[in-house]
> 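Supplied in structure tokens, the structure appears directly below.
No experiment lies behind these values; they were computed from the predicted model shown. As a basis for the values below, the full set of heavy atoms in this structure was taken, side chains included, without hydrogen atoms, waters or symmetry mates.
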Amino acid sequence: MPLPANNTVWPPKQLEAITPKLNEWAAWYESNTDSLTTVYTKQPANVRRGVIGAVKRFFWGDTRTDLTKPAERKLHVPAAADLCKASSDLLFNEPPTVTVDHEKTQGRIEDLTGPDFHDALANAAETTAALGGSFLRITWDVDLEDHPFLTHVDYDAALPEFRFGRLVAVTFWRVVQTDGQIVYRHLERHETIDGIGVIFHGLYQGTSTNLGQIVPLADHASTAGLEVDDEGKISTESEGLAVFHWPNMGPNRSWRKDPLGQYLGRSDLDGLEPLFDALDEAYTSLLRDVRLGKAMLVVPNSLLNNNGPGAGASFGQDEIYSGVNAPPGSAADSKLSIEQIQFDIRVQEHEQTIKILWDQIIKSAGYSAQTFGDGGDVAVTATEVFAKERRSGLTQGRKGRAVRPVLEAIVKKLLAVDNLVFNSGNDLTKPVEVELADGVKDDPEALARTAQLLGTALAASIDTRVRMVNPNKDEKWIDAEVEKIKAENQLDSLADPDTLGIDGEGLSEQFGVENGDATE
């Protein structure tokens, strides 16, 4: 049976070295301060790196043990979430262009890759950047949609199996119910049998650390509607898995030598955890200055209002005050007056510290400050803007190279499942091409100047120059544009030198050119 055996330890042992780090990145991405505190106080995330006790030096791992002092009010800044959102926007701010050389199939592709497909990719791109990768899954439900659609599963809910770096099987899991100590999990395994993709489903009743026993799918509402055969599987009746591995980018530095982790993608947050922690500490210090900067009054106790037995004394209602003991009528009392104390708020010092940390974060993550609106208010040319965005453009290109072949394989599988389940008659023999929109667009002015110089120097054809200035246009559009340019500039008659000359005589007749030699 391909599903895990009863009473299997869960999460799987193969993920022991990987799960803690995924939990750490997830906490930063989710901006969950409770999870951050748990990660840096209870999980020895840095022990395996040989830095024993390093977790104690993290700001979020510093917990007060002196109960006589109030707990520090910590401020968290969602910098990690901002990085992951920027990654998604660079890749899928605009939908990808999917084409196939078959009219009917192209029409169906437009249905399959509509707004829902684009939204699924954009959402998956955020968690892919956060955790290092994800799995894109072909899903269908005839009661919901009239075509198969795309869903995704994050790294922290998957046990993949690789062969030479290629995905050959994967098991997903999700908790569908927790009832006290009892945990119900739905497991979904994708593999191939004789080259055909199949999906096994199983419902387990266990504990937080053990799968327990497999029970009928009908025992829970979330799995009762799955139409599986006697073996608990669903066949795609088409070649290949119905799930695809999307690595964020490589190589993976954290698990370079791990048998499983070496094939996973690298997170945008990898190695930036201390910087995120320091950024939160800097913002918390600034907030502490704001609190301490509130004016405080030092008031003799003789001027305080008695609030009654057991209710203490106060001075006004809104003021922050501190009473000073001095016997009424004494010399000390006569010299005391109401005194205001107000500490400076070190805005500039904190701002400089925060900027240094933030600049290093986005630089190490592979992005440009301009991507986050940090380019300043000075007016610059389009070429200068593009130059400042170049670092983000390089990162976007690297991620695009990783996801493009994945998307092409996904669309091919979507078409195959669409034929099987919805009898769509798609042509599966034609290659599918996917083009991603440019997150950092080329400067049109610079492209136009380059095309003009190439044309003047006779160093590039009209076709080449049109492609250069319009990199996102398809072949049909480019061919039509080339013909329009020729017609508008009457270039068709200039294509053949024999048509040039005086009174209709060609160059070869006018100058006696024959076989490349001039005659007098």
> Taking the side chain from S424 and the backbone from N426, do they hold a donor-acceptor pair closer than 3.5 Å?
no
> Hey, would you say the F422 and W140 ring centroids sit under 6.0 Å apart?
no
> Is a donor from one side chain sitting under 3.5 angstrom from an acceptor on the other, for S461 and T464?
yes
> Can a donor-acceptor pair be found between the side chains of D219 and Y184 at a distance below 3.5 Å?
no
> Where do D277 and Y40 land on the side-chain hydrogen bond (donor to acceptor under 3.5 Å, both in side chains) test, with the steps shown first?
CA-CA 10 Å; D277 191 71; Y40 290 115; over 6 Å; no
> So do P12 and W173 actually touch side chain to side chain, heavy atoms under 4.5 Å?
yes
> Taking the side chain as C-beta and beyond, is there a heavy-atom pair between H220 and H186 under 4.5 Å?
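Not touching, per the 4.5 Å side-chain cut-off.
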> Under 3.5 Å, is there a donor-acceptor pair between the K413 and T236 side chains?
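Judged by distance alone, the side chains do pair up.
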> Can we call the ring centroids of Y263 and H245 under 6.0 Å apart?
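No; H245 has its ring centre 6.0 Å or more from that of Y263.
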> State, to 0.1 Å, how close R185 and V175 come at their nearest heavy-atom pair, and which atoms those are.
CG-CG2, 4.2 Å
> If you compare all heavy atoms of L83 against all heavy atoms of A365, which two are closest, and at what distance to 0.1 Å?
CD1-CB, 3.9 Å
> Give a yes or no on this: more than 12 heavy atoms of other residues, nucleotides or ligands lie within 6.0 Å of atom CD of E433.
no
> Can you find a heavy atom in the side chain of L414 that is under 4.5 Å from one in the side chain of F117?
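When only atoms from C-beta onward are counted, F117 and L414 do touch, with a gap below 4.5 Å.
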> Quick check: closest heavy atoms across P20 and A17, and the distance to 0.1 Å?
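Scanning both residues completely, I find the closest heavy atoms to be CD-C, 4.0 Å.
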> Are the side chain of T127 and the backbone of A124 linked by a donor-acceptor contact shorter than 3.5 Å?
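Between the backbone of A124 and the side chain of T127 there is a qualifying donor-acceptor contact (under 3.5 Å).
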> Do side-chain atoms of K74 reach the backbone of F59 as a donor and acceptor pair under 3.5 angstrom?
yes
> Is it the case that the side chain of Q262 and the backbone of K257 share a donor-acceptor pair, with hydrogens and angles ignored and the cut-off at 3.5 Å?
no
> Is there a donor-acceptor pair under 3.5 Å between the side chain of D154 and the backbone N or O of D156?
no
> Exactly one of R174, R137, K233 should register a salt bridge (Lys or Arg N to Asp or Glu O under 4.0 Å) with E188. Which one does?
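When R174, R137, K233 are each tested with E188, the salt bridge (Lys or Arg N to Asp or Glu O under 4.0 Å) holds only for R137.
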> Any side-chain to backbone donor/acceptor pair from T128 onto N248? Under 3.5 Å, distance only.
no
> Can you tell me if N210 uses its side chain to pair, donor with acceptor, with the backbone of V9 under 3.5 Å?
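Pair absent, no side-chain N/O of N210 close to backbone of V9.
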> So does V417 get a backbone contact from the side chain of S238, meaning a donor-acceptor N/O pair under 3.5 Å?
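Not confirmed, S238 side chain does not pair with V417 backbone.
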> Quiz question: by atom type and distance under 3.5 Å, do the side chains of H76 and D280 form a donor-acceptor pair?
yes
> Tell me, with the steps shown, if N6 and Y204 meet side chain to side chain contact (heavy atoms under 4.5 Å, CB included).
CA-CA 8 Å; N6 289 336; Y204 289 80; 4.0 Å; yes
> Heavy-atom distance under 4.5 Å between the side chains of P2 and T171, does that happen here?
no
> Verify, without hydrogens or angle tests, whether E273 (side chain) and G271 (backbone) share a donor-acceptor contact under 3.5 angstrom.
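Confirmed, E273 side chain pairs with G271 backbone.
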> Any side-chain heavy atom of T371 sitting closer than 4.5 Å to one from I362?
no
> Look at K21 together with E24 and state whether they make a salt bridge at an N to O cut-off of under 4.0 Å.
yes
> Would K430 and T105 count as a side chain to side chain contact (heavy atoms under 4.5 Å, CB included) if you check the C-alpha gap in whole Å, the side-chain angles of each, and the deciding distance to 0.1 Å?
CA-CA 9 Å; K430 303 294 184 180; T105 306; over 6 Å; no
> Determine the minimum heavy-atom distance between L15 and L260, stating which atoms define it.
CD2-CD2, 3.6 Å
> Side chains of E161 and R189, heavy atoms from C-beta outward: is any pair under 4.5 Å?
yes
> When the ring planes of F135 and Y155 are compared, do they come out parallel, tilted or perpendicular, using 30° and 60° as the limits?
tilted
> With side-chain hydrogen bond (donor to acceptor under 3.5 Å, both in side chains) as the test, would you mind laying out the steps for S87 and K399 before giving the verdict?
CA-CA 9 Å; S87 175; K399 292 187 175 187; 2.6 Å; yes
> Mind listing the closest non-hydrogen atom pair of L91 and G400 along with its distance?
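Answer, listing the atom of L91 first, then G400: CD2-N, 3.9 Å.
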> For L131 and S267, run side chain to side chain contact (heavy atoms under 4.5 Å, CB included): C-alpha distance rounded to whole Å, both residues' side-chain angles, the deciding distance at 0.1 Å, then the answer.
CA-CA 5 Å; L131 302 182; S267 168; 5.9 Å; no
> Work out which heavy atom in R404 is nearest to a heavy atom in V434; give both atom names and the distance.
CD-O, 3.3 Å
> Walk me through it: do H147 and R108 pass the test side chain to side chain contact (heavy atoms under 4.5 Å, CB included)?
CA-CA 9 Å; H147 57 77; R108 190 57 173 168; 3.4 Å; yes
> Treating N489 as the side-chain partner and I485 as the backbone partner, does any N or O pair qualify as donor plus acceptor under 3.5 Å?
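A pair under 3.5 Å: yes.
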